[in-house]
Amino acid sequence: MNFQEYLYNQGFQREDLLARMAESLELDDSRSNRMESAYNAIYDVLKADPVFFSKVDFVVYPQGSKAIGTTTKPYGKDEFDLDIVVHIRDLFYNYTSSEIYNHLIRVFRGNDVYRPKLIPKNRCARINYSGDFHLDILPGCIVIENEDKLMVPDRELASWTSTFPKGYIGWFLDIAKDVRQPILLRKAYENFVTLPEAKAEQEDLPEEDFYSKEPLKRAVQLTKRYRDIFFDDNPKHRTSSIVLTTIFGQFYQGEPSIYETIDNVLNRIISNYSDYQQLFENRGIYKRIKVLNPVNPEEDFTDKWDKDKEFYNQFIAFAKSYKEKWERLKKGDFGVAEELFGSTRTKTILKAQLENLSKGKVDTLEKAGLTIMSGKNHVDPKGNITKNNGYESKPHRNYGGIELDIKKAPNNLSSKNYIAAYIQKELVDKNFPWLQTVVKDGKLLGKGKIKPKGCKKEYEILISHDINDTYRKERVFILNDSQIQFGKTPHLYPGNSLCLYYPKDMPRDLDLNFVDVVPWISEWLVMYELWKKYGVWMADEIKH
């Protein structure tokens, strides 16, 4: 037994999927190293300023997601932003707000390296490493001696505004650490390594730290990713990371798992904010949600929601959409994770789980699926998926949903082709005797039962192949599974015939041999059972 099998047996596979999903959102080492180098250079540039910064006591430190461990890779065309504080240990009333801001801009504008990258913003200086990431550098002065609360310049207000980055970082990290029980996956890991059966698999264990990150941090990472996906078409009203992070921190109650954290926090969001929504919808009274800095109530993270109510409406829509999809995940539909956190990521992570789960086992559904996903498999005369025994399976991608109108090369035959059906019959009978075939009116017809190794059920198959049809030549039906229905099951055509390949992938001037289609029936069945088990169609596919 390996660790993945242990997690599966304990009912923890969903939690492991979420942990792997969140881990995959972390910044890659290459970008992290570039950002760290850019970050470290900021202090040196400012300290070399002979006019102002060399004469004051200041410290530079990160704030936001980098500081609290909730970073996520940029989504789509977004860039990662690293928020940096220039914390000046001098009282704010010794300066004007514009004085501090202008000194910061002056330093970067006077530097040949930073000048072309500089974008002055309302409260900060942005250094834009175009197409990669940007640094938002926020200057601030202390309010009270030997304390870390700051006043920062606000150009729109032409004054100071209050903030408390270090206080917020400490608040969130303290809450994240306050797990009422040992972290679920961490506990599972520790229990597993003490089992005698685990000793032979020690070398295959994941890194210990992989399962140590607090559930609250993982939950925020995953929520931010769905936020990115949800607001992809409406970036103007996207709920900010600081608002989401604060809400999750305020509603977190020490849950030991990522799953419980997201599930419970979503319920609390809907419950706590539904009164606001009903008041707005039923009586037209807008009473917006206020998300304040929990360590600095003077700082309203949702202040711009006053001017534009759509921020509020879109946040509620986001929360409801998240909740609706989450309910599907609760029922074991891992496929919805594609919609929540990104399609290719879900399939890649689930494949990694299956690889670990199938180690050392013989003829499991997972092992058959992995053999298919390798892109190099055969199908034997009984319809079993093998690595090198039987008929070689040709490359293909599952499709379905509509019949594609693909124009073939003109058929110059003046009469129908009756010979092809007999040729295909001979090839099918030779390679796949499980399928009993006959030729009638130029059509190849067949029927048979098949249960690829790893599948739980034996399937009764009905086929027809007509070389004289204008477009798709074959129809393949499963007769003994009423759950296989168009619109409910992936990769079917109307009428419930299986879609076994993407027609546009096939040669335009050469008819497809039906004997090449038969192995794909076995593959479809394996992928169908995996889909029922995990909610994800694991084979190559064309979405429709």
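Everything numeric here is computed off the predicted structure, so don't read it as measured data.
In this structure, the side chain of D228 does not engage the main chain of Y75 through any donor-acceptor pair within 3.5 Å. Panel note: side chain Q221, backbone T71; a donor-acceptor pair is recorded below 3.5 Å. Looking only at distances, no side-chain donor or acceptor of T302 sits under 3.5 Å from a matching main-chain atom of W305. Judged by distance alone, the side chain of N267 and the main-chain N or O of D263 form a donor-acceptor pair under 3.5 Å. Side-chain atoms of R109 do not come within 3.5 Å of backbone N or O of R115 as any donor-acceptor pair. Using modelled atom types, one side-chain atom of N33 and one backbone atom of D29 make a donor-acceptor pair closer than 3.5 Å. The main-chain N or O of T239 is never found under 3.5 Å from a side-chain atom of Q314 such that the two would form a donor-acceptor pair.
Residues Y226 and S321 have side chains that bring a donor and an acceptor to within less than 3.5 angstrom of each other. Side-chain N/O atoms of E541 and N398 include no donor and acceptor closer than 3.5 Å. For the residue pair T163/E299, the side-chain donor-acceptor check at 3.5 Å is satisfied.
Every residue two or more places apart in sequence or in another chain that forms a side-chain contact (heavy atoms from CB on, under 4.5 Å) with K187 is listed here: P182, N191. Under the ring-ring contact (aromatic ring centres under 6.0 Å, His included) criterion, F133 pairs with Y129, not counting sequence neighbours. Y259 is linked by a ring-ring contact (aromatic ring centres under 6.0 Å, His included) to W326, counting only residues two or more places apart in sequence or in another chain. Every residue two or more places apart in sequence or in another chain was checked for a side-chain hydrogen bond (donor to acceptor under 3.5 Å, both in side chains) with S374, and none qualifies. By the ring-ring contact (aromatic ring centres under 6.0 Å, His included) test, Y39 is found to be paired with no residue, residues two or more places apart in sequence or in another chain being considered. Every residue was checked against the salt bridge (charged side-chain N to carboxylate O under 4.0 Å, His left out) condition with R14, not counting sequence neighbours, and none meets it. By the side-chain contact (heavy atoms from CB on, under 4.5 Å) test, I119 pairs with K121, R126, N128, sequence neighbours left out. Residues passing the salt bridge (charged side-chain N to carboxylate O under 4.0 Å, His left out) test with D540, sequence neighbours excluded: none. Partners of S98 according to the side-chain contact (heavy atoms from CB on, under 4.5 Å) rule, which considers only residues two or more places apart in sequence or in another chain, are T96, N102. The ring-ring contact (aromatic ring centres under 6.0 Å, His included) search around F334 returns none, not counting sequence neighbours.
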Checking F251 against N272 for the side-chain contact (heavy atoms from CB on, under 4.5 Å) test, could you report, in this order, the C-alpha distance in whole Å, the side-chain angles of both residues, the deciding distance, and whether it holds? CA-CA 10 Å; F251 285 149; N272 280 268; 3.8 Å; yes

V45/V113 under side-chain contact (heavy atoms from CB on, under 4.5 Å): CA gap, chis, key distance, verdict: CA-CA 10 Å; V45 171; V113 173; over 6 Å; no

Begin with the C-alpha distance, continue with both residues' side-chain angles, and end with the deciding distance and a verdict on salt bridge (Lys or Arg N to Asp or Glu O under 4.0 Å) for R186 and E190. CA-CA 6 Å; R186 176 66 179 164; E190 292 172 346; 3.0 Å; yes

Does the side chain to side chain donor-acceptor pair (under 3.5 Å) test come out yes or no for D16 and Y8, once each step is laid out? CA-CA 9 Å; D16 183 62; Y8 182 81; over 6 Å; no

Stepwise, does the side chain to side chain donor-acceptor pair (under 3.5 Å) test hold for R227 with T223? CA-CA 6 Å; R227 180 273 316 269; T223 301; over 6 Å; no

Go through it in stages, so that I can follow the logic: the residues are M538 and I372, the test is side-chain contact (heavy atoms from CB on, under 4.5 Å), and I'd like the CA-CA distance, side-chain angles, deciding distance and then a yes or no. CA-CA 9 Å; M538 296 295 296; I372 295 169; over 6 Å; no

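Shown here for L104 and A125, the closest heavy-atom pair between the two residues is CD2-CB, 3.7 Å. Annotation for S162 and K149: closest pair OG-CE, 3.3 Å, computed over non-hydrogen atoms. Across all non-hydrogen atoms, the minimal contact from S97 to A158 is OG-C, 4.0 Å. Of all the heavy atoms in P165 and L150, the pair that sits closest is CD-CD1, 4.1 Å. The shortest non-hydrogen separation linking Y211 to I183 is O-CG2, 3.9 Å. Contact detail for L173 and A67: the closest heavy-atom pair is CD1-O, 4.2 Å.
For the pair C141/W160, a side-chain contact is recorded, criterion being any heavy-atom separation below 4.5 Å from C-beta on. F52 has its side chain within reach of I88: a pair of non-hydrogen atoms, C-beta onward, lies under 4.5 Å apart. Residues S240 and V243 meet the side-chain proximity criterion, which asks for heavy atoms closer than 4.5 Å. You'll find the side chain of Y252 stays beyond 4.5 Å of the side chain of I247, heavy atoms only. Between E79 and P74, every side-chain heavy-atom pair lies at or beyond the 4.5 Å cut-off.
A salt bridge does not link R123 with E156: none of the charged nitrogens is closer than 4.0 Å to a carboxylate oxygen. A salt bridge is defined here as a Lys NZ or Arg NE, NH1 or NH2 lying under 4.0 Å from an Asp or Glu carboxylate O, and R238 with D232 fails to meet this definition. Checked for salt-bridge contact, D44 and K47 miss the test: no charged N lies under 4.0 Å from a carboxylate O. Salt-bridge annotation for E310 and K236: absent, with no side-chain N of the basic residue lying under 4.0 Å from a carboxylate O of the acidic one. In summary, K330 and E327 engage in a salt bridge, as defined by a charged side-chain N under 4.0 Å from a carboxylate O. By the 4.0 Å N-to-carboxylate-O rule, E255 lies close enough to R268 to be salt-bridged with it.
Applying the side chain to side chain donor-acceptor pair (under 3.5 Å) test to residues at least two apart or on different chains, the pairs with a partner in residues 164-183 are Y168-T246. Residue pairs meeting the side chain to side chain donor-acceptor pair (under 3.5 Å) criterion with at least one partner in residues 52-67, sequence neighbours excluded, are D57-R89, Y61-H87.
Residue E26 forms a salt bridge (Lys or Arg N to Asp or Glu O under 4.0 Å) with just one option from K213, R20, R31, K73, and that option is K213.
Between F3 and F192, the ring planes lie tilted relative to each other; the angle falls in the 30° to 60° range. The aromatic rings of F230 and F318 stand perpendicular to each other, their planes meeting at an angle above 60°, with 30° marking the opposite boundary.
Considering CG of L350 and CE of M21, their distance stands at 8.5 Å, rounded to 0.5 Å. The line from CD of E147 to CZ of F164 is 7.5 Å long, rounded to the nearest 0.5 Å. Rounding to the nearest 0.5 Å gives a distance of 7.0 Å between CD of E260 and CG of L184.
Between F12 and Y6, the distance from one ring center to the other does not fall under 6.0 angstrom. Taking the ring centroids of F58 and F53, they lie under the 6.0 Å cut-off. Taking the six-membered ring for Trp, F315 and F231 have ring centres at least 6.0 Å apart.
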